[in-house]
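Residue numbering restarts at 1 for every chain, and letters A, B, ... go by the order of the sequence lines. Since we're looking at a predicted model, the values are computed, not measured.
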Amino acid sequence: MIKFYNTLTKKKEEFIPIEDKIVRLYTCGPTVYDLAHIGNFRAYIFEDLLHRYLEYRGYKVIRVMNITDVDDKTIKGAKNEGISLREFTDRYIKIFLEDMEILRLKKPDYMPRATEHIKEMVELIKKLLEKGYAYYKDNSIYFSISKFPSYGKLSGIDLSKIKVGARVDADEYEKQDVRDFVLWKAAKEEEGVWWETEIGKGRPGWHIECSAMSMKYLGETFDIHTGGVDNIFPHHENEIAQSECATGKKFVNYWLHCAHLLVNGEKMSKSKGNFYTLRDLLNKGYNPIAIRYLLLSTHYRDPLNFTENSLKQAENTIKNYNEFYQGLNICAEEKYNPEIKKEIEKTREKFIEELDNDLNISPALSHIFNLIKKVNIYFSKGEFGKQNVKEVKEFLEDVDNVLCIIEKKEEFLPEEYLNLIKEREIARKNKNYKKADEIRNILKEKGILLEDTPYGTRWKKIG
RNA sequence: GGCCUGGUAGCCAAGCGGAAAGGCAGCGGUCUGCAAAACCGCUAUACGCCGGUUCAAAUCCGGCCCAGGCCUCCA
């Protein structure tokens with residue numbers, strides 16, 4: 001039984017999809033005006049874990065990740081560079097997709113762009129106008145939150161306590177009530193970005209795209225909607241309001257939000273100089289799989305404190321994990337140890353049990369490490385066979401459908417080195433240790449480390 | 001000001017009422033011809049601080065301190 005913490009009910013609840021064995025999932029995606037930073041990727045990695053784990057548990061997942069390619073920041077960015085909005089956002093979409101691949105983020109089934117769904121947004125706004133939930137003011141269209149009594153149910157916000165003032169953009173758009181939010185922004189000459197539509201000349205507000213696109217691809221009511229905690233209010237609250245008023249139906253059953261990432265215990269910001277994009281870290285030589293692992297290994301609802309030190313630790317973990325995975329290959333014995341299979345199955349059960357519990361990844365990982373320890377004991381005692389190798393590797397590959405941290409390297413050694421290794425094994429058998437050590441040192445200088453195991457000598461490349 | 005998180009060993013991080021998972025780093029040992037790897041042991045009488053509830057608290061309650069988030073377009 002899978003349980004998720006639902007922001008809407010503030011409780012852990014059993015997950016029951018609307019349609020058996022199918023999950024309709026909407027994950028808030030990027031606004032493509034700049035490179036995504038690791039804080040953003042924390043959210044995307046959480047969404048990736050959710051996606052992969054649901055599939056691991058046998059669900060067919062239909063997932064949408066929106067791309068916000070029209071908003072104040074993208075318009076401004078394009079204008080600054082004197083290029084079209086399309087050209088500008090295309091560039092960042094391309095980089096984003098590359099970054100996703102580097103971090104092994106599973107591609108959603110749909111990645112709709114806001115600018116390609118103006119028609120759907122207009123339809124939705126028309127519906128809200130017809131039903132009296134929206135009103136025109138100076139050619140912009142606003143949603144009237146006073147018409148939706150349950151406004152605030154997601155964030156638990158008390159409207160009467162909303163501070164009116166500093167952060168309200170008073171001069172730009174006139175609203176009846178400062179707490180109302182904009183559905184459609186009247187065209188502004190200086191922006192140069194607008195669409196001629198039935199509801200007027202203008203461009204969409206931010207919230208409406210997610211409602212329009214999620215409903216288009218997932219239906220008027222769907223299973224899961226995710227994002228960062230900062231999206232709870234106002235973004236997701238507004239999505240609920242506009243969607244439920246338009247359809248008269250419940251919008252989303254489960255709302256999942258991930259906590260923020262901190263850097264050295266502080267909020268990441270450009271002025272503090274603790275701002276990292278994925279590219280920054282790659283340029284420093286960090287292993288992207290370690291970045292993935294680090295962002296993955298803390299529970300999604302807990303704040304994650306990112307430091308380069310912890311990233312180095314993650315690199316070591318990933319290195320050890322993969323050396324274990326690779327290192328089993330040396331064993332080609334015919335013998336079979338039935339205990340291994342039992343341990344694997346126990347581990348698999350615990351792995352599932354933990355992740356079923358609101359994606360509780362840390363203990364799930366600890367069970368895998370405990371298995372590795374047990375396998376190492378049998379392995380070094382010589383109580384291991386090639387069928388066991390296969391079993392263990394298959395298990396790690398199985399959980400890797402969720403974790404994606406195995407680095408499958410096809411590494412080859414030149415013939416002459418392989419011959420040296422053979423020579424050394426003969427020397428060792430003849431107790432000619434001087435020669436054996438010489439060969440080992442020669443190879444070490446070439447960056448090849450030899451390890452003698454009960455099953456023969458294995459090698460690995462060292463950095 | 002209102003609402004909400006987190007503060008567990010050198011570092012990262014689980015546990016959330018009944019004898020402190022796991023990872024990384026370090027030290028000592030076992031194995032090994034020697035290494036490497038692995039394994040074993042040691043590194044939190046203790047979970048931000050102070051009180052309280054309880055037979056029993058890291059876990060519940062109150063207060064305080066620190067860090068962070070949201071309060072109209074930030075994942």
Side-chain angles (χ1 to χ4, degrees), chain A residues 10 27-31 36-47 68 71-73 145 155-164 166-169 173 175 178-182 185 205-207 226-235 237-238 257-262 265-268 293-294 297-299 301-307 309-321 323-324 327 354 360-370 372-377 379-381 428 431-434 436-437 440-441 444 449-454 457-460 462:
Chain A
K10 319 240 177 326
T27 54
C28 268
T31 301
H37 58 252
I38 48 164
N40 297 317
F41 283 114
R42 201 252 166 126
Y44 303 138
I45 282 189
F46 146 62
E47 288 160 357
T68 302
D71 81 318
D72 292 352
K73 288 188 292 264
I145 60 168
S155 56
I157 209 149
D158 182 348
L159 281 181
S160 63
K161 292 212 174 115
I162 284 192
K163 234 172 66 179
V164 175
R167 296 192 55 166
V168 174
D169 199 0
Y173 298 99
K175 301 183 244 185
V178 285
R179 299 165 306 186
D180 288 348
F181 60 91
V182 67
K185 294 183 171 185
W206 176 37
H207 315 297
T226 70
V229 285
D230 53 330
N231 277 156
I232 296 172
F233 188 88
H235 186 48
E237 196 71 72
N238 290 169
H257 294 96
C258 77
H260 272 158
L261 174 141
L262 302 176
E266 293 182 310
K267 186 181 179 173
M268 184 163 42
Y293 178 79
L294 180 60
S297 57
T298 296
H299 185 79
R301 282 191 290 114
D302 283 333
L304 190 161
N305 186 18
F306 179 90
T307 62
N309 179 37
S310 55
L311 181 53
K312 283 175 193 143
Q313 294 181 6
E315 283 193 325
N316 286 335
T317 305
I318 288 298
K319 182 170 150 279
N320 293 343
Y321 190 84
E323 281 178 1
F324 170 79
E354 297 294 353
N360 200 2
I361 187 95
S362 302
L365 290 170
S366 79
H367 293 128
I368 295 175
F369 288 113
N370 284 331
I372 289 176
K373 185 172 284 186
K374 283 176 183 152
V375 168
N376 271 326
I377 291 170
F379 185 87
S380 54
K381 280 202 273 189
R428 285 185 72 223
K431 299 208 194 302
N432 184 353
Y433 296 122
K434 191 164 172 267
D437 290 350
R440 189 166 60 195
N441 283 333
K444 196 178 175 185
L449 191 72
L450 299 189
E451 294 176 355
D452 299 323
T453 77
T457 299
R458 70 185 175 197
W459 57 270
K460 67 186 179 195
I462 46 174

Subject >> Shortest side-chain distance from A:F181, nucleotide among B:rC70, B:rU72, B:rC73 >> reply: B:rU72
**OP:** For A:C28 and for A:P363, find the nucleotide of RNA chain B with the closest heavy atom, then tell me which residue's nucleotide is more 5'.
**Re:** A:P363
Subject >> C1' spacing across the pair B:rG52 / B:rG23, given as an integer number of angstrom >> reply: 37 Å
Original post:
What residues, two or more places apart in sequence or in another chain, satisfy side chain to side chain donor-acceptor pair (under 3.5 Å) together with A:E451?
Top reply: A:R458, A:K460
Original post:
Is A:E237 reaching over with its side chain to a backbone N or O of A:S155, donor-acceptor style, under 3.5 angstrom?
Top reply: yes
**OP:** Give none if B:rA37 has no partner; otherwise give the nucleotide forming a Watson-Crick or G-U wobble pair with it, both distances under 3.5 Å.
**Re:** none
**OP:** From the options B:rC73, B:rA25, B:rC12, select the nucleotide whose nearest atom is closest to the side chain of A:W206.
**Re:** B:rC73
**OP:** Nearest 0.5 Å please: distance from the CG atom of A:L365 over to the CG atom of A:N360.
**Re:** 10.0 Å
Original post:
CD of A:E266 versus P of B:rG69: gap in Å, rounded?
Top reply: 10 Å
**OP:** Fit a plane to each ring of A:H207 and A:H235, take the angle between them on a 0 to 90° scale, and name the class: parallel (under 30°), tilted (30 to 60°) or perpendicular (over 60°).
**Re:** tilted
**OP:** Quick one: look up who B:rG62 pairs with, Watson-Crick or G-U, both distances under 3.5 Å, and put none if it's unpaired.
**Re:** B:rC50
Original post:
Given the C1' atoms of B:rG28 and B:rA67, what is the spacing between them in whole Å?
Top reply: 37 Å
**OP:** Using the P atoms only, state how far B:rC70 lies from B:rG15, rounded to an integer number of Å.
**Re:** 25 Å
**OP:** Please determine, for B:rC3, whether a Watson-Crick or G-U wobble partner exists with both distances under 3.5 Å, and give it or none.
**Re:** B:rG69
Subject >> Side-chain donor-acceptor contact under 3.5 Å, A:N40 with A:H37 >> reply: yes
Original post:
On a whole-Å scale, what distance lies between the P atoms belonging to B:rG2 and B:rC64?
Top reply: 11 Å
Original post:
So, the side chain of A:R42 versus the backbone of A:L262: is there a donor-acceptor pair under 3.5 Å, distance only?
Top reply: no
**OP:** May I have the step-by-step check of side-chain contact (heavy atoms from CB on, under 4.5 Å) for A:N238 and A:W206, ending in yes or no?
**Re:** CA-CA 10 Å; A:N238 290 169; A:W206 176 37; over 6 Å; no
Original post:
In whole Å, what separates the P atom of B:rU59 from that of B:rC50?
Top reply: 13 Å
**OP:** Whole angstrom is fine here: how far is it from CD in A:E354 over to P in B:rA13?
**Re:** 18 Å
Original post:
Closer than 4.0 Å, any side-chain N/O of A:K73 to the OP1 or OP2 of B:rC73?
Top reply: no
Original post:
On a whole-Å scale, what distance lies between the C1' atoms belonging to B:rA58 and B:rC27?
Top reply: 28 Å
Original post:
Out of B:rU5, B:rA14, B:rC73, which nucleotide sits closest to the side chain of A:T298?
Top reply: B:rA14
Original post:
Tell me, for nucleotides 32-40 of chain B in 5' to 3' order, what letter each nucleotide earns: B for a base near a protein heavy atom under 4.0 Å, S for only sugar-phosphate near one, - for neither?
Top reply: -BBBBSSSS
**OP:** Rounded to whole angstrom, note down the P distance from B:rG22 over to B:rA44.
**Re:** 15 Å
**OP:** Could you tell me which residues satisfy side chain to side chain donor-acceptor pair (under 3.5 Å) with A:T226, sequence neighbours excluded, listed by chain and number?
**Re:** A:E47
Original post:
What is the pairing partner of B:rG10, taking Watson-Crick or G-U wobble pairs with both distances under 3.5 Å in any strand?
Top reply: B:rC24
Original post:
Counting side-chain heavy atoms from C-beta on, which of B:rA67, B:rC71, B:rA21 comes nearest to A:N370?
Top reply: B:rA21
**OP:** Look at all strands and tell whether A:H260 reaches a base, only sugar-phosphate, or nothing, counting heavy atoms closer than 4.0 Å.
**Re:** base
Original post:
What's the closest nucleotide to the A:V182 side chain, out of B:rC73, B:rA21, B:rC70?
Top reply: B:rC73
Subject >> Donor/acceptor link under 3.5 angstrom from A:Q313 side chain onto base of B:rC11 >> reply: yes
